[in-house]
> 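Take this structure, written in C-alpha cells, and hold onto it; I'll ask about it next.
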Amino acid sequence: MSSLALPTLLPRLPSLHSSHSFKSHKHQNQTTISTNKWRCSATEEPHQPNQISTKKTNKKKQNPSTEPPKGVDPVGFLTKHGITHKAFAQFLRDSYEGQEDEILNRFHNLMEFASGYELMGLHRNVHHRVDYMEWAPGARYCALVGDFNEWSPTENSARDGHFGHDDYGYWFIILEDKVREGEKPDELYFQAYNCNEDYDKGDSGVTIEELFKKMNDEYWEPGEDRYVKSRYSVAAKLYEQMFGPNGPQSFDELEDLPDAETRYKAWKEKHKDDPPSNLPSTHVIDSGKEYDIYNVITGPEWRDKFQAKSPPLPYWLEMRKGRKAWMKKYEPGVPHGSKYRVYFNTPGGPLERVPAWATYVLPVSLFYLDVDGNQSVAVHWEPSPGDAHKWKNMRPQVPKSLRIYECHIGISGTDPKISSFDEFRSKVLPHVKKAGYNVIQFIGVIEHKDYFTIGYRVTNLFAVSSRFGTPDDFKCLVDEAHGLGLLVFLDIVHSYSAADEMVGLSLFDGSNDCKRGHHKYWGTRMFKYGDIDVLHYLYSNLKWWVEEYQIDGFQFHSLSSMMYTHNGFASFTGDLEEYCNQYVDKDALIYLAMANEMLHELHPNIITIAEDATLYPGLCEPIYEGGLGFDYYVNLSTSEMWSSLLENVPDQEWSMNKIVTTLTGSKQIADKMLTYAENHNQSISGGRSLAEILFGEIRENSPSSDEILIRGYSLHKMIRLITFTIGGKAYLNFIGNEFGHPKRVEFPMASNKFSFSLANRRWDLLMDEVHSGLFSFDKDMMMLDENEKILSRRLPNIHHVNDSNMVISFMRGPLLFIFNFHQTNTYEKYSVGTEEAGEYQIILNTDEVKYAGLGHMKNEQYLVRTIRKRVDGLQNSLEVMLPSRSAQVYKLTRIFRL
C-alpha cells in the first residue's frame, strides 16, 4: 500500500498511511484482537490491558509543540481577505491542537481510523465463521441474538476475559459455521475458504502434502525446509490452543511460554543431527548481557538471499478452498437474510439493540408491523456472489459546474404509496437525464424509523432505508446513474441523531458517555465530537458510503446544530466574536476539517457541501489556511427571500437591490456558493412550493384566473433564471419543481390520518400545456449552462440595478442577462450598457409561447446592435424591448472593431 500523506491536514494529525505496519485492510481475515487499538475514551483512567502478542505497541509520540507545520497558516484566510480580529485569530490558532496522539495511540493510522466498518459489525471470515464486533463500554455482557439461534442470549456470546472483550468496551463474538450432516470438520483448524471474494478461485484439489512438496521443490532451498514442518505444527498448535473451541477462556488458563533462552536450547538439541545445509550457518549468541532478544549473527550472503526472497503467500492462497467446497461442507452460522439484534447486560438491566454498524435494518413503524417481537431488527446482508450487484459503470468526471436534482425516493412516484429504488431507477432517472441535470442528490436514503421525519432523524447511519429496497437495489440505482453521466450525492446527517433508544444510538449500551446532550428544539441527540470513538464511527461512516456505494459527494446537513451549543438558534449580526465565543464547539469544527481532508485525500474528486445558516467564516477556505475545507456552501437566504417576497410583499414594492444583494451572497467566496430558488425545505418543512404560492387555488371560470396564471408562470421562470445565473458554480432544484409542481409535500402522519395524497409527484402534469412549458424552459436553462458554461465562468458584472423601473442587468462572459420584474410596464427601447460593441442575439426568452409565455417579442427584435452611447458606466449600450415580467438572455455573436 503506497504512502498517502496529508500535508495540509490539521497540524499534528497523522498521515492516512503512517510509518506503522499496516499489512492488510481486510480485517475480517485477521484473527487476533489488538486491544491497544480499541479504547473507549469515555472510560475513566483506563489501564493498559494484558496482551497476548509480544508485538510492540505504538508509543505515544512526544511532540509538545502546538505550532502548525511549515506551509500551514491557521489564520491564513483572515490575512488573505484583510480581516483583523484578535480574538478570532487566537481561536483559530488554538484549534490547531489536534488529536494525533490519542488517534495514533489507538489506531495504526488515519486510514484504519476511518475504516472501522471493515472490522465492526457482522463480517464473513475466511475461516468458515462470522465475526461480530461492537463497542459498548457500558455493558457487562454481550451476545448476538437472532432467528439463527432462536433469539437465545446465551448461545452466541462474547467469551470471558480479553478473548471476548477488552477493558475499553469493545466486544468480540465468533459465530462458527455448522458442519453439514455427513461431512467431517476440516483437518486444519485454520483452513480458509474464498466464500465471497475470489469465490471462483480455490478448490484446486491440491492436498496439504502435495502443497508442501511443491513448496519444497519450487520455493525452499536445500536446508531451508527443515523449518517448515516444525513451524507449521507449532503455529497450528498455538492457533488452536488460543482460538479453538476448547481454548482458554482467560489469560489465567493460557500456559506460560518458555523464555527465549530455554526455547533456543531446546531447538538446538532437537536439530543437532540435522543434515548440513548449503546456506551459511546462523547462530544465536549471548554476549553476556541480559537481553530479551538474542543477537543473530549472519553473513552478508545469507542476508542478501533472505531479503531477496518473497514470502510464500501464493502457496498459502493455493491452499484455500472455494465457495463450492464451503457450501458443501458447512451451513452458514448466520445465513443471508437472518434477522438479529445485540443483547447487553448492563447495570440498568438487560437491553436489546439494533447494532450500531448494521448495514440493513427493518425499523418498526407504521409500515413494518410484521417484524419479530414488534422490535426493529438488523438483517445480515450477504447475498451469494452470483446475486450480489456487480458494478458496471465508472464514476463520471466531476463537471466544472453542478446542476443538482434533489430527490426523495419515497415521494418520487405518482401512486399513493412509498416508491422504491427500482421504480426511481426506471422512471425518474431518465427524466433527470432528459432535464439536463448532472447531479442527483438524495435526501432520506439513510435508515430512519419514522417516515414522516423525511430521513433527518437518522437511526442507522450505515444502512440504506429498507422501506425503499435492499442495499443491492440502491447500488443498482447509483450504478445506472453513473452510466447516465450523473454524479450521486447524499444529504448526510452527522449533526445529530434520533433519540429513539430501540433502533438508534441513543443510550445504546445504557450509558450516556458519548453524547453532548439534546438538541434544544428538535429533541434529537447530539454527538460528542471530542470523543475518539465517536469520530471513529463518523469518519468510517463517510468512507463507507464512498467505498461501498460509490457516492460522489455529501451535503452536510445543519452544521449550525453541531458547531454551536445553542444549535444555531441565536441571532447573528456578523461580528466575528460570535464565531469564537463560549458557545462554539471547537471539537465539531476540528471534526469537519478532518472529515473534509480525509475525504479529499482518499478520493480527490469528492464534493462536499456545507449547509450552515450562520455562514461561519472559513467554510470553504483551505484547511492549511485555517478553513474547514468545503467545496461549496449553501446560500440559504435565497429561497427564504423569494418565499417572503411572494407571500408578504406586493409585486410593485420588490427591491431589485435586495434581490441582487441576497443572490450574490458573500463576495469573498461567491464562486463557492450553491443557490436555489426552492429546495425540500419549502416543499416539505411545513412550507409551500413557489408554484403553490404563485398559482394558489385557481377556480375555473374565475375572472382573475388567467391573470393569476400569467403572473405565476412568468415569475416562476424569472425567479429560477436569475437565481441560476447570477450566483456561484452550483444550482439545486427539488424534484418536480422544474415543472411547477402545484402542491407541497406532506408525509403521512397522524395529523393527516396517514394520507399519501400529498406524498407523491404529479408527473401527469407534464402533459399539461402550462406545466410542460415550464419544464421546457427549465430544460433549456440547463442546456444553456451545458453549452455556454455559464456557472463555471467568472462571477457576473452586475452593471444595472434600477428599483424604479424594476430592471436588473448583468453580463457573464459573452452573455447579457436582462430582467424586467415590473408587473405592468413594457419598455420598447430600454437602454442597458454592454462591455463589447457588436451584435447580440437572444438565445433564451422567458416570454416565448413554447414556454407558456405570451410571445410579445417579434423575430426581428431578437437581434440587436450596440450603439456608441455611454450607459451604466460602459462605453456601449443596447436599446432592447423588455416585456413586463420577462427576462432575456443575449449572446454576443459578432464583435465590432472600432
> Are any side-chain N or O atoms of Gln441 and backbone N or O atoms of Asp491, one a donor and one an acceptor, separated by less than 3.5 Å?
no
> Using a 3.5 Å distance criterion without hydrogens, assess whether the side chain of Asn541 forms a donor-acceptor pair with backbone atoms of Leu461.
yes
> Pairing donors with acceptors under 3.5 angstrom, does anything connect the side chains of His680 and Glu406?
yes
> Under a 3.5 Å distance rule, please check whether Asp612 uses its side chain to pair with a backbone N or O of Leu615 as donor and acceptor.
yes
> Would you please name every residue forming a salt bridge (charged side-chain N to carboxylate O under 4.0 Å, His left out) with Glu547, sequence neighbours left out?
none
> How far apart are the closest heavy atoms of Pro74 and Arg93, and which atoms are they?
CB-CA, 4.1 Å
> Would you please name every residue forming a ring-ring contact (aromatic ring centres under 6.0 Å, His included) with Trp357, sequence neighbours left out?
Phe462, His536, Tyr537
> Would you indicate whether the side-chain heavy atoms of Tyr632 and Ile607 approach each other to under 4.5 Å?
yes
> Using a 3.5 Å distance criterion without hydrogens, assess whether the side chain of Thr664 forms a donor-acceptor pair with backbone atoms of Thr661.
yes
> Please tell me whether Tyr456 and His557 form a close aromatic pair, meaning their ring centres lie under 6.0 Å apart.
yes
> Under a 3.5 Å threshold, yes or no: a donor from one side chain and an acceptor from the other, between Asp785 and Ser401?
yes
> Please state whether the rings of Tyr564 and Tyr579 are parallel, tilted or perpendicular, taking 30° and 60° as the class boundaries.
tilted
> Using the six-membered ring wherever Trp is involved, compare the ring planes of Phe527 and His494 and label them parallel, tilted or perpendicular (cut-offs 30° and 60°).
perpendicular
> Strictly distance-based, threshold 3.5 Å: is any side-chain N or O of Asp575 a donor or acceptor partner for the main-chain N or O of Glu578?
no
> What's the verdict on side chain to side chain contact (heavy atoms under 4.5 Å, CB included) for Val488 and His482, showing C-alpha distance, side-chain angles and the deciding distance?
CA-CA 8 Å; Val488 180; His482 284 167; 4.1 Å; yes
> Could you grab the distance from atom CG of Asp585 to atom NZ of Lys528, nearest 0.5 Å is fine?
11.0 Å
> Can you name the salt bridge (charged side-chain N to carboxylate O under 4.0 Å, His left out) partners of Glu548, sequence neighbours left out?
Lys475
> Would you sort out whether Asn733 and Glu678 count as a side chain to side chain contact (heavy atoms under 4.5 Å, CB included), showing the intermediate values?
CA-CA 7 Å; Asn733 166 71; Glu678 52 184 337; 5.5 Å; no
> How long is the gap from CG on Leu636 to OG1 on Thr614, to the nearest 0.5 Å?
9.5 Å
> Using every non-hydrogen atom in the two residues, find where Pro622 and Lys80 come nearest and quote the distance to one decimal.
CD-NZ, 4.2 Å
> Show the nearest heavy-atom pair for residues Gly627 and Ala593, with the distance to one decimal.
O-CB, 4.3 Å
> How would you list, by chain and number, every residue that makes a side-chain hydrogen bond (donor to acceptor under 3.5 Å, both in side chains) with Arg812, sequence neighbours excluded?
none
> Among residues at least two apart in sequence or on other chains, which ones pass side-chain hydrogen bond (donor to acceptor under 3.5 Å, both in side chains) with Tyr405?
Glu738
> Please list, one pair per line, the donor and acceptor atoms closer than 3.5 Å that link side chains of residues 81-89 to other protein atoms, with sequence neighbours excluded.
unit_1, atom_1, unit_2, atom_2, d
His81, NE2, Glu621, OE2, 2.8
His85, ND1, Phe88, N, 3.1

> Please walk me through it: do Glu134 and Phe508 pass side chain to side chain contact (heavy atoms under 4.5 Å, CB included)?
CA-CA 11 Å; Glu134 190 64 80; Phe508 179 70; 3.8 Å; yes
> Scan Phe554, Phe489, Phe474, Trp391 and name whichever one has a ring pair (Phe, Tyr, Trp, His ring centres under 6.0 Å) with Tyr549.
Phe474
> The criterion is side-chain hydrogen bond (donor to acceptor under 3.5 Å, both in side chains); which residues satisfy it with Thr608, sequence neighbours excluded?
Asn596, Asp631
> So how far is it from Met781 CE to Thr723 OG1, rounded to the nearest 0.5 Å?
8.5 Å
> Could you work out, with salt bridge (charged side-chain N to carboxylate O under 4.0 Å, His left out) as the rule, every residue matching Glu611, not counting sequence neighbours?
none
> Are any of the side-chain heavy atoms of Ile735 and Val432 separated by less than 4.5 Å?
no
> Any donor-acceptor pair under 3.5 Å linking the side chain of Asn438 with the backbone of Arg403?
yes
> Within this structure, what is the CG-CG distance for the pair Leu490 and Leu542, rounded to the nearest 0.5 Å?
10.0 Å
> Using the test ring-ring contact (aromatic ring centres under 6.0 Å, His included), find all partners of Tyr117 that sit at least two apart in sequence or belong to another chain.
Trp544
> Of the non-hydrogen atoms in Lys729 and Leu791, which two are nearest, and what is the gap between them?
CG-O, 3.0 Å
> Just by distance, with hydrogens left out, do Thr662 and Trp642 show a side-chain donor and acceptor under 3.5 Å apart?
no
> Using side-chain heavy atoms (C-beta onward) and a distance below 4.5 Å, is Ser643 in contact with Leu690?
yes
> Rounded to the nearest 0.5 Å, what's the gap from CG on Asn737 to OG on Ser689? Could you check?
5.5 Å
> Could you work out, with ring-ring contact (aromatic ring centres under 6.0 Å, His included) as the rule, every residue matching Phe724, not counting sequence neighbours?
Tyr731
> Mind checking salt bridge (charged side-chain N to carboxylate O under 4.0 Å, His left out) for Asp552 and listing every partner two or more places apart, or none if nothing turns up?
Arg395
> Do side-chain atoms of Ser561 reach the backbone of Ser495 as a donor and acceptor pair under 3.5 angstrom?
no
> Ring centroid separation for Phe630 and Phe556, is it under 6.0 angstrom?
yes
> What pair of heavy atoms forms the shortest contact from Phe810 to Pro796, and how long is it?
CD1-CB, 3.6 Å
> For Ile440 and Cys407, which heavy atoms make the closest approach, and how far apart are they?
CG2-SG, 4.1 Å
> For the residue pair Glu577 and Asn581, confirm or rule out a side-chain donor-acceptor distance under 3.5 Å.
no
> Checking the side chain of Asn635 only, and the main-chain atoms of Thr675 only, is there a donor and an acceptor separated by less than 3.5 Å?
no
> Under 4.5 Å between any side-chain heavy atoms of Arg525 and Leu505, yes or no?
no
> Show, in sequence, the C-alpha distance, side-chain angles and deciding distance for Phe113 and His108, and conclude whether the side chain to side chain contact (heavy atoms under 4.5 Å, CB included) test is met.
CA-CA 8 Å; Phe113 186 52; His108 283 108; over 6 Å; no
> With sequence neighbours excluded, tell me which residues meet side-chain hydrogen bond (donor to acceptor under 3.5 Å, both in side chains) with Asn605.
none
> Mind checking the CD-CG spacing from Glu597 to Leu592? Nearest 0.5 Å is all I need.
13.0 Å
